[in-house]
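Written below as structure tokens is the structure these notes are about.
These numbers were taken from a predicted model, which means no experiment stands behind them. Note that these values count all heavy atoms, side chains included, but never hydrogens, waters or copies made by symmetry. Just follow the structure's listing: the first ligand is 1, and inside any ligand the first atom is 1.
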Amino acid sequence: MRRIAYSSRYHDALVVGPSPITGRGLFAGCAIPRRAKIGEFEGEVIPLAEARRRAAGLRIVAIVELDRKAIDARGMRTGFRFINHSCAPNTFMRRTKDRAEFYALRDIAAGEELTVDYRPSHHDGRLRCRCGAPRCGGWI
Ligand SMILES: [Zn+2]
């Protein structure tokens with residue numbers, strides 16, 4: 001099975017740790033300038049139908065869907081599978097045909113938690129959002 005792996009200065013410095021939003025989160029290990037590509041969602045490349053089968057019933061889903069396939073980051077110890085949702089995120093996820101790339105929406109300080117707006121999600125709006133943003137949408 002094909003796997004996506006990615007390495008860069010920003011990506012390699014990412015740290016997983018306890019998050020004030022929920023569970024574990026992903027944190028910048030160094031300062032990241034606005035618009036920089038931080039990294040990519042890593043994992044196993046699987047067909048969409050298989051991704052939906054795997055996601056059914058899971059509360060924490062480590063899968064990104066692309067046009068015709070998906071990337072499952074199950075088992076990864078670091079990386080973007082740990083990024084939490086925020087309604088006022090500091091990163092943007094750009095999906096291509098076979099990749100999910102993350103870019104900084106603004107300057108990010110070392111130690112800051114990375115967040116992305118991942119609606120619409122597998123939760124279909126049924127999971128309460130705890131991002132704490134002033135304009136939080138309330139549900140993911
Ligand atoms: Zn929110």
If you have a sec, read the angle at the Zn ion (ligand 1) from C131 atom SG over to C87 atom SG, to 10 degrees. 110°
Angle in degrees, rounded to 10°, that SG of C129 and SG of C136 form at the Zn ion (ligand 1): 110°
With no hydrogens and no angle check, is any side-chain donor or acceptor of D117 less than 3.5 Å from a backbone partner on C87? no
Consider only side-chain heavy atoms of I, L, V, M, F, W and Y, link residues closer than 4.5 Å, and tell whether I71 and V16 are in one cluster. yes
Using a strict threshold of under 4.0 Å (side-chain N to carboxylate O), is an ion pair present between R106 and E112?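 Salt bridge between E112 and R106, a charged N being under 4.0 Å from a carboxylate O: yes.
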Can you tell whether the side chains of E40 and R94 come within less than 4.0 Å, N to carboxylate O?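 Salt bridge absent between E40 and R94.
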How about H85: does one of its N, O or S atoms come closer than 2.8 Å to the Zn ion (ligand 1)?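 H85 does not place any N, O or S atom closer than 2.8 Å to the Zn ion (ligand 1).
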